[in-house]
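These notes are about the structure you will find just below.
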Number of protein chains: 2
Amino acid sequence: MEEIDRRIVTLLAKDGRMSFTDLARETGLSVSAVHQRVRRLEKRGVLRGYAALVDYDAIGLSLTAFVSIKPIDPAAADDAPDRLAHLSAIEACHSVAGDESYILKVRVASPIALEELLNQIRTSANVSTRTTVVLSTPYEHRAPEPANSDTGKPDESA
Amino acid sequence: MEEIDRRIVTLLAKDGRMSFTDLARETGLSVSAVHQRVRRLEKRGVLRGYAALVDYDAIGLSLTAFVSIKPIDPAAADDAPDRLAHLSAIEACHSVAGDESYILKVRVASPIALEELLNQIRTSANVSTRTTVVLSTPYEHRAPEPANSDTGKPDESA
DNA sequence: CTTGAAATGCTGGTGTC
DNA sequence: GACACCAGCATTTCAAG
């Protein structure tokens, strides 16, 4: 992936609704050239989708927390992500190195809702939990600056 | 905020590029009614923006980590977020309750880049760091289900 | 919230280098 | 293979009822 594609990705990461016309102006290409590149980036999976960024306070989910989980039975099959996927309060699930096995990012309406969610997490996945409550979020979802070197990955342009 | 607005927010959270035409079909409203609502939601800050979701592997940022930081001098002014804002590898910064004061989410190209970043974080903000490396991400950026109750916040529809 | 109409933007085809 | 141009069509946007 070279210069212009990286530029396009960065621009769309900042404004996912930017028009092809504007992208064309910013990149110095014609509209259809940009169009082709975006389609290709989508097809390759570099652009995985588009999302609106919402104010969670405004939609009644004013409590954010990180929940680290650890299996109670270390011998059991580790399918926690699948077992937890039905809980829509879980926004993200990362498998991590370290003492615990996953970090979940959760959004709930209140402390009581958090308590309830933690119970559901524990029983659904047979894990213990350690919760870190978010007090405020100075920033989030900042757009990435793509690394300028090659990744070493094969170019599987379909 | 009621039913239809919540629906619009959820739909746009799932697909930030959904057209007004499609939103209108899904909500049973006319195109311009949807348009008005979206504009109002944007103005109120409920919809904070739109972003493309990128495959960080594909853009050469294949290492994700959570970095918890703690001030070395607890008496010093706590302006870590400002001091760290120039580091573009930091995607998010959350102030948290607990032993540490902030959790950062960072994206870098390699372990060496992570080492370098940690040094920059420590010197920029005069903090100690504790890093949890992400091994894989089963899911992320799942769309929220707005809480159906009122938030108790005043309706500041501008 | 609706209608309606003008401006803008999207998209695929065709041709060039 | 990558790009530019063009033309038809869809969408966006705004004014007015």
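Throughout, a chain's letter reflects where its sequence line sits, starting with A, and its residues are numbered from 1.
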Select base, sugar-phosphate, or nothing to describe what A:A33 touches, counting heavy atoms under 4.0 Å on all strands. sugar-phosphate
Output the rounded distance in Å from CZ (B:R37) to C1' (D:dT12). 18 Å
Between C1' of C:dC10 and CG of A:L12, the distance in whole Å: 14 Å
Residue-phosphate contact under 4.0 Å: A:R40 side-chain N/O, D:dA2 OP1/OP2: yes
Please confirm whether the backbone N or O of A:H35 pairs with a side-chain atom of A:S32, one donor and one acceptor, at under 3.5 Å? no
Minimum-distance nucleotide (side-chain atoms of B:V31 versus D:dA4, D:dT11, D:dT13): D:dT13
For B:D22 and D:dT12, give me the distance from atom CG to atom C1', rounded to whole Å. 13 Å
Would the distance check show the side chain of B:S124 and the main-chain N or O of B:I121 forming a donor-acceptor pair, the cut-off being under 3.5 Å? no
Regarding B:S88 and A:R142, do their side chains bring together a donor and an acceptor under 3.5 Å, going by distance alone? no
Under 4.0 Å between any heavy atoms, over every strand shown, what does B:S32 touch: base, sugar-phosphate, or nothing? Just pick one. base
What is the distance, rounded to the nearest whole Å, between atom CG of A:L29 and atom C1' of C:dC10? 17 Å
Within the pair A:R39 and C:dT11, is there a side-chain N or O less than 4.0 Å away from OP1 or OP2? yes
Rounded to whole Å, the CD-P distance (B:E42 to D:dT13) equals 9 Å
What's the CD-C1' distance between A:E3 and D:dC3, to the nearest Å? 17 Å
Quickly work out the A:F20 CZ to D:dC6 C1' distance and round it to whole Å. 18 Å
Candidate nucleotides C:dT11, D:dT12, D:dA4, ranked by approach to the side chain of A:Q36 - the nearest: D:dA4
Nearest listed nucleotide, side chain of B:S30, among C:dT3, C:dC10, D:dC3: C:dT3
Relative to A:F20, does B:R17 satisfy both conditions: NZ or CZ under 6.0 angstrom from the six-membered ring centre, and within 45 degrees of the ring's axis? yes
So, OP1 or OP2 of D:dT13: does either fall under 4.0 Å of a side-chain N or O from B:H35? yes
When B:R40 is tested against each of B:Q36, B:E42, B:R37 for side chain to side chain contact (heavy atoms under 4.5 Å, CB included), which residue passes? B:R37
Whole-Å distance separating the NZ atom of A:K43 from the P atom of D:dG1: 13 Å
What nucleic acid atoms does A:T21 come within less than 4.0 Å of, heavy atoms only: base, sugar-phosphate, or nothing? sugar-phosphate
